[in-house]
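The structure appears below as structure tokens.
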Amino acid sequence: MVAPVIKRFATGILPPAVLFVLLLASLYLLSYSTEQAGRFANLYEWMLLVNASGLLVLITLIGVNLLRLLRQRRTGVIGSRLTVRMLMLFVVLAVVPTSIVYYFSFQFLQRGIDSWFDVKIEQPLQDALELSQASLDLRKRELLKRTQEMARELTDVPDSQTASALNQLRSHSEAMELTVLGQNSRIIAFSSADPTVVVPHRPSDEIMLQLRQASSYIALEPIGDSGLQIRVAVAVPSATADSTARYLQALYPFTQRINTLANSVQTSFAKYKALAYQRKLLKKSFLLTLSMVLLLSVLSAVWAAFVSSRRLVKPIRDLAEGTHAVAEGNYDKRLPITTHDELGFLVRSFNDMTRKVAQASYEARRSQQQVERQRAYLEAVLANLSSGVMTLGRDNVLRTANAAASHILDIPLDGYLGDGLVKLTVEHPHIRRFVDSLAPHVAKGELEWHEEISLFRNGTRQILICRGTNLSGHDSGRADQVIVFDDVTALVQAQRDAAWGEVARRLAHEIKNPLTPIQLSAERLRHKYLKTMPEKDAALLDRATHTIVQQVEAMKEMVNAFSDYARAPHLQLAPLDLNALVTEVMELYTELDVHLDLDPDAPMVQADAGRLRQLLHNLVKNAEEAMHERKRRRVDIRTHCSDGSGVRMVELVVRDYGHGLPEAAETQHFEPYVTTKPKGTGLGLAIVKKIVEEHGGAVWIENVRPPAGAAEPVRPAGAQVVVRLPLLARAGMDAPASAGAPGGAGT
């Protein structure tokens, strides 16, 4: 209960009013006491009490504020440091000038009061006083002599005639009143210049006693309301020795100016004596009062510094708290406006800012909610897409990926978000071909691009169609890219099956139908002319017709085989030594100059021996036909184990020494009915490609350039077909993956 009262008293409007009144009272008492030193003794205790009360109030206020400031400083209250700095500044500004004034005032009082008494004023005052007394004594002797003369003139005047004699004497003198007194101060007669005076001013018993002893009396005395007058009393001489004693009293007026001057000199001299007597006490009193006023002023300034700094810091503290609240997300914070100055304007600006920020925050939250809804909608769409979608940063960092992307690549991409694609290739080598194909497009920041990519996994070939888009909307390597890819393996296989079906249909139509008449014609010739011809001619006819019939049967079998390709016959996969198969097939081509370079360390492959034998026949036949104009027909066959995109595979290379391939046709030779030979059907390499794809491998054809410095550096030195087959899957062996065709030839 007491603490809130003290707090309100320390921060309210009453303290400055009380202190102001106390300070005025102290100054008034100081001025009043210096005017009349006699009053100082009566006011000294009150001055001490008033000043002590003011000091006590100020010390209490300052103590409360100091404790409060120290507590705020320890707890780190906002604005406490600024309050300390402002307080120190105010104290310095108040104490330094006040101390300077106090020092010079102290010196002035010390030296000024002493200088008052150092001036030779006491002797002049004493001389002036003696001069006035000598003048007064001269006047009194003159009046005494005149009064004694009038007394002698009354010696023979009887009492009955004394009144008229007094009137006559007064009219010829300066006396204001003449009185003749007898024994026991009995009034015998009197005469006065003031007709209103009925009773004369009797002398006192002391005066009468002095008259009896000295026979005369003269003095300056206050007479009633008439002011100071000179009273002269003398004894009237007696005519006879036994006559009654009589006394004459005369009252003479005293000049007002002389009266005033005399009073002034006497009063000033008395004051001077009093001040001289109280000089040390007066100096102490002045210094004590000045010290009290100084202390009151300094303490008042300190307390005013507290009040001013608190009022200045309060808006700043409110602003700091408001800023902290806004930083924590409380945009509804409003500060009270207590002033209308610049700080008040700042507070109003802060309130306007928080109101606008709150409105902007509301709009941002609403926009964020809309974005979240759109994001949820987009995630739902992406989650149900059959196409793989992922976002890559410019540093090949995986940003996002949908479930379809993880399913197509057979990798849990959610666990690699924020990682580089290099980490994916290290832990999943089968997608290295995929990553290597994306890297150039992402690095260049192409606006739009698309590419077909082939992957090999677990002995199977996977074909992906990839499309990329730059999110910035313009060609730049600084923006992320969205990659959309689809697994079109089944679609491509279906298209190829359809193509082979068309091939089989045309073969059946173009080849198979003429074979039956040819066979029948050969058999008719044989039946009609074989028995009638000479033995030599009959033997020739027998061999020729037999050959025709056999070749027609072979062609029928070939056409049936093409039909079987269209129906995708089931492979008879088994471990196969590719070197042994090549050696076996090449023994049939004795008419060619065959050079074998077989890797003895080449591992086994998982393949159908019949299909690979047919593949070798087609490749060797294709090489032989490419060199039909040359006398020496050389064919090089090489096998070795290659490392394509980090996955080991067995590579078979068949090279001829013909004229090479046209540049524009290098990527089209594996399509059905595409050929550069005048008598070719365009089915050989198409069949080779189908067999390789059935085994999950890769195949491409390329020209072989002569070495630098050759006679014909421009023309190719033949062509070669490269076939890559996956290794035999064994425990602990890496799964086969794509071996991309060098030179840009796709599969």
- request: Kindly compute the distance separating CG (D487) from CD (Q462), expressed to the nearest 0.5 Å.
  value: 4.0 Å

query: Does the side chain of P575 come within less than 4.5 Å of Q606's, by heavy atoms?
result: yes

query: Got a sec, which residues hit side chain to side chain donor-acceptor pair (under 3.5 Å) with T583, two or more places apart in sequence or on another chain?
result: none

message: For a quick test of reading the model, state the closest non-hydrogen atom pair linking R433 to I453 and the distance between them.
response: CG-CG2, 3.8 Å

- request: Output yes when E693 and K690 qualify as a salt bridge under the 4.0 Å nitrogen-oxygen rule, no when they do not.
  value: no

- prompt: Mind checking what makes side chain to side chain donor-acceptor pair (under 3.5 Å) contact with D419, not counting sequence neighbours?
  reply: K423

task: Answer whether the closest heavy-atom distance between the side chains of I411 and Y416 falls below 4.5 Å.
output: yes

task: Give every residue pair that meets the ring pair (Phe, Tyr, Trp, His ring centres under 6.0 Å) criterion with at least one member in residues 602-627, sequence neighbours excluded.
output: Y589-H617

- request: Assess whether atom CZ of R467 is packed by more than 12 heavy atoms of other residues, nucleotides or ligands within 6.0 Å.
  value: yes

field: Inter- and intrachain pairs under ring pair (Phe, Tyr, Trp, His ring centres under 6.0 Å), touching residues 592-615, at least two apart
entry: none

From CA spacing to verdict: side-chain contact (heavy atoms from CB on, under 4.5 Å), V482, L392: CA-CA 6 Å; V482 176; L392 294 180; over 6 Å; no

Heavy-atom closest contact (V549 atom, A522 atom, distance): CG2-CB, 4.1 Å

Shortest non-hydrogen contact between I691 and R611, atoms and distance: CD1-O, 3.5 Å

task: Identify the two heavy atoms, one from M649 and one from P726, that lie closest to each other, and give their separation to 0.1 Å.
output: CE-N, 3.7 Å

query: Is the closest side-chain heavy-atom distance between H695 and D608 below 4.5 Å?
result: yes

- prompt: If you look at every heavy atom in A607 and L612, which pair is closest and at what distance?
  reply: CB-CD1, 3.3 Å

query: If you round to the nearest 0.5 Å, how far is CG of L581 from CG of L652?
result: 9.0 Å

- prompt: Taking the six-membered ring of Y657, is NZ or CZ of R655 closer than 6.0 Å to its centre and within 45° of its axis?
  reply: yes

query: When you look at NE2 of H546, are more than 12 heavy atoms from neighbouring residues, nucleotides or ligands closer to it than 6.0 Å?
result: no

statement: Those residues at least two apart in sequence (or on a different chain) that pass salt bridge (Lys or Arg N to Asp or Glu O under 4.0 Å) with R633 are E624

- prompt: Checking side-chain contact (heavy atoms from CB on, under 4.5 Å) for the pair L438/W449: CA distance, chi angles, key distance, verdict?
  reply: CA-CA 10 Å; L438 298 182; W449 57 271; 3.3 Å; yes

- prompt: Does the side chain of D636 come within less than 4.5 Å of D597's, by heavy atoms?
  reply: no

Q359, CD: over 12 other non-hydrogen atoms inside 6.0 angstrom: no

message: When you compare the side chain of D577 with that of M604, does any pair of heavy atoms fall below 4.5 Å?
response: yes

task: Go through the steps for V620 and V585 under the test side-chain contact (heavy atoms from CB on, under 4.5 Å), then give the verdict.
output: CA-CA 10 Å; V620 174; V585 173; 5.6 Å; no

message: Could you tell me if the side chain of L727 sits less than 4.5 Å from the side chain of V650, heavy atoms only?
response: yes

query: For the side-chain contact (heavy atoms from CB on, under 4.5 Å) test, which of D410, L464, I463 pairs with L455?
result: L464

- line: So CD of E451 and NE2 of H441: to nearest 0.5 Å the spacing works out to 4.0 Å

- prompt: Under the 3.5 angstrom rule, does the side chain of N402 hit a backbone N or O of V389 as a donor-acceptor pair?
  reply: yes

task: Check whether any side-chain heavy atom of T469 lies under 4.5 Å from a side-chain heavy atom of V484, and answer yes or no.
output: no

Sidechain-backbone polar pair: D656 side chain, E625 backbone, donor-acceptor under 3.5 Å: no

field: Minimum-distance pair of heavy atoms, taken over all atoms of L413 and A405
entry: CD1-CB, 3.7 Å

task: Mark yes when over 12 heavy atoms from residues, nucleotides or ligands other than E535 sit less than 6.0 Å from its CD; otherwise mark no.
output: no

message: Any non-hydrogen side-chain atom of L409 less than 4.5 Å from a side-chain atom of F485?
response: yes

field: Set of salt bridge (Lys or Arg N to Asp or Glu O under 4.0 Å) partners for R613, sequence neighbours left out
entry: E584

- request: Apply side-chain contact (heavy atoms from CB on, under 4.5 Å) to the pair E523 and V552, showing each step before the final yes or no.
  value: CA-CA 12 Å; E523 290 178 352; V552 168; over 6 Å; no

